[in-house]
Protein chains: 2
Amino acid sequence: MSATVNNGEENGMETLRERKKARTRDALLHAALELFTTKGYEQTTVDEITEAVDVSQRTFFRYFASKEEAAFFVPRLTETHFVEAVRARPPHEAPLEALRRAVLESWDTINEAIQQVVPLDLHMRTYRVIESTPALLAAHLRRSQELEEELARIVAEREGLDVDTDPRPRLVVAVFGGVMRVVERMWIAGDDLSIEAMRELTADYLDGVGPALAGNWRTSHTK
Amino acid sequence: MSATVNNGEENGMETLRERKKARTRDALLHAALELFTTKGYEQTTVDEITEAVDVSQRTFFRYFASKEEAAFFVPRLTETHFVEAVRARPPHEAPLEALRRAVLESWDTINEAIQQVVPLDLHMRTYRVIESTPALLAAHLRRSQELEEELARIVAEREGLDVDTDPRPRLVVAVFGGVMRVVERMWIAGDDLSIEAMRELTADYLDGVGPALAGNWRTSHTK
DNA sequence: TTGTCAACTGTCAGCGGCTGACATTAGCCT
DNA sequence: AGGCTAATGTCAGCCGCTGACAGTTGACAA
C-alpha cells in the first residue's frame, strides 16, 4: 500500500539491488561489444569479458544466455520499435507501403533508443562485426526470418486473411525483407553511415524492385 | 605414361585406399543423418556418430569440418547443380525468367544426384531437421545469402553490369531468394513432398509476387 | 537495529564441439 | 621385402555452456 512498493520498472532509480544489476549488465555489455569490435567476436572469450568487468564467468551467463546474445542485445531493441511502427500504420495503406513507411519513420525513434544503452558509434561497429562474422551473420538472418513471420501475420490480419491459406502476406514480407537485407549490406559497405543515407538507399531500392523484376533492363537505366 | 596412373576421379573403382576412404565417409554421413533424423541434431553427439561407425572422434572431424557440415553435405551438392542451371540459361532471357526456369528444370537432375549419395527419403527428413533446428536453419540461411551473392554476380555479368554500382542484380536475386524461401517453408510444412508439388508451388508463388506487391488485394483474389 | 528471507554471485565439476601434436597402422610403389 | 606416405588413433587441452551447491548482500518486517 505504501509508496515503497515499486517493484516494477517505471521509476528511473528503483532499488539499490536493481541499480547494481543494471550496472553489471551494462558493464558486461559494454566490455563485450568493445572487445568484439576491437579483437573480433571469435577471438574474444567470455573469460576475457568477465575479467574486464571483474565478475565470474558464471555471472555472464546469468545475464546473457550466450555470447551471441550479448552481440544482439541492441539489435533486439530495434526490432521491437520497427514492429510497433508497422502495427501503428493506418489500415488503409497497402501492405508494402505500410512496411515502407514504417521503416523510414522508425529509424529516428530507434537511434534514440539505442543511444540510451550504448554509444551509437559502438553500435555501428558492432553491426559491422555481425555482418562480417559468419556465426553472427547466420544468427542475424535467422532472426530476420522470425521477424518476417511476425510481419506476415500482422499484414495478414490487416487485410483479414489467413497466413496459411493465402501466400501473399508472406510473399510481400519476403520481398520486403530481401530488399532490406540488400540495403543493410550496401549501407554497411559504403562510407556514409548516416540515417539519411540509409533512408535514401531504402527508398531507392524499394522503388527499384518493380523495374528490376520487369526485366527490360537494357531500355531503362536507373541511375 | 602407363595406364596405371589414374590419380584423378574418373574411374568408378580407383585404388583401395580411396574406396575405403569413400566408404568411411559414407558410413559417417549415413550414421550422422540417421541419428539427426531420429533423435535430433542437438541431441546427437559426435561421439555417438563415430561409435556407430567404429572410428575415433578425431576421424569424423577429418572428414567433416564440423558436425554442421555433415548435415549440409547433400544440400551443398544441390547448390552446384542449381547454379550451373542458371549459368546455362540463354542470355536473351530476362534475369527473373532465367532464374525461374533454372529452378524448375534443375530439380530432376538434382534429385538424381542426391540419390547417388543418400536415399531420397533420408534427405527429405534431414531437410526437415534443418528447418526445425535453430542452429541449422541459421547456417542454411547464411549459405542462401552467399548463394544469392553468387547469383547476383552471374546476373550482372549476363546483363553486362557492375554489381556494386547497379543494385538491380542483387535486388532481383534477393526477391527471388525470398520467394524461394517461402516456397521451401510451405513445401516442407505441407504433406505432398513430391517434386511436382514443389514445382507447382514455385511457379504459383513466383507468379504471385507481382500482384502481391501491387497491394489492391481486396479487388483481386489469387485462389 | 536486528534477524530472516530472497536475490545475486562465486566456485567447482563436467559435457560437448573442436584442434594441435605425436604415435601407430595400413595401403602404395619400386 | 621394405621404404614412403596417407589415414587413423590417442592424448591433452581450449572454449562455450550448464547444474549444483555454497557464500554474500540487499530488502523488509518485527
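The chains referred to below are lettered A, B, ... by the order of the sequence lines, with proteins before strands, and numbering in each begins at 1. Atoms considered below: every heavy atom in the structure, side chains included; atoms not considered: hydrogens, waters and symmetry mates. None of these values were measured; they are calculated from a predicted model.
- Residue Ser66(B) has no polar side-chain atom (N or O) positioned under 4.0 Å from OP1 or OP2 of dG17(C).
- In the set dG26(D), dG16(D), dC18(C), the nucleotide with an atom closest to the side chain of Arg17(A) is dG26(D).
- OP1 or OP2 of dT8(D) has at least one side-chain nitrogen or oxygen of Tyr63(B) nearer than 4.0 Å.
- The separation between Asp47(A) atom CG and dC17(D) atom P is 12 Å, rounded to whole Å.
- With no hydrogens or angles considered, a side-chain donor-acceptor pair links Glu184(B) and His140(B) at under 3.5 Å.
- Looking at heavy-atom distances under 4.0 Å, Ser56(A) makes contact with a base.
- Asp47(A) and Thr45(A) share no donor-acceptor pair across their side chains, judged by distance under 3.5 Å alone.
- For Arg62(B), taking side-chain heavy atoms from C-beta onward, the closest of the listed nucleotides dG16(D), dA21(C), dC18(C) is dA21(C).
- Rounded to whole Å, the distance from NZ on Lys20(B) to P on dG9(D) is 10 Å.
- As rounded to whole Å, 13 Å separates atom P of dC12(C) from atom CD of Gln57(A).
- At the heavy-atom level, Thr45(A) lies under 4.0 Å from the strands shown only through sugar-phosphate atoms.
- The side chain of Thr24(A) contributes an N or O atom lying less than 4.0 Å from OP1 or OP2 of dT9(C).
- You'll find that the side chain of Lys21(B) is closest to dA7(D), out of dG10(C), dA7(D), dT8(D).
- Classified by interplanar angle (parallel below 30°, tilted 30° to 60°, perpendicular above 60°), the ring pair Tyr127(B)/His123(B) is perpendicular.
- Summary of the strand contacts: Val55(A) and Glu68(B) both lie near DNA chain C, and taking for each the nucleotide with the nearest heavy atom, the more 5' one is attributed to Val55(A).
- Regarding Glu42(A), its CD atom lies at a distance of 17 Å from the P atom of dG17(C), rounded to whole Å.
- One can place CD of Glu48(B) at 14 Å from P of dC15(C), the figure rounded to the nearest angstrom.
- Atom-to-atom, CG of Asp54(B) to P of dT8(D) comes out at 13 Å; the value is rounded to the nearest Å.
- Below the 3.5 angstrom threshold, one finds a donor paired with an acceptor across the side chain of Arg58(B) and the base of dG20(C).
- The interatomic distance linking Tyr41(A) (OH) with dC15(D) (P) rounds to 14 Å, in whole Å.
- Here dT18(D) presents its C1' atom at 15 Å from CD of Glu69(A), a figure rounded to the nearest Å.
- With distances taken from any side-chain atom of Phe61(A) to the nucleotides dC17(D), dT8(D), dT11(C), the minimum falls on dC17(D).
- Listed pair Thr59(B) / dG9(D) meets the phosphate criterion, a side-chain N or O lying under 4.0 Å from OP1 or OP2.
- Taking the six-membered ring where tryptophan is involved, the planes of Phe73(B) and Phe64(B) are perpendicular, since the angle between them exceeds 60° and thus also 30°.
- The aromatic rings of Phe36(B) and Tyr41(B) sit perpendicular to each other, their planes meeting at more than 60°, with 30° as the lower class boundary.
- Side chains of Leu122(A) and His30(A) form a contact here, defined as non-hydrogen atoms less than 4.5 Å apart.
- Residue contacts for Thr50(A): at a heavy-atom cut-off of 4.0 Å it reaches no nucleic acid atom on any strand shown.
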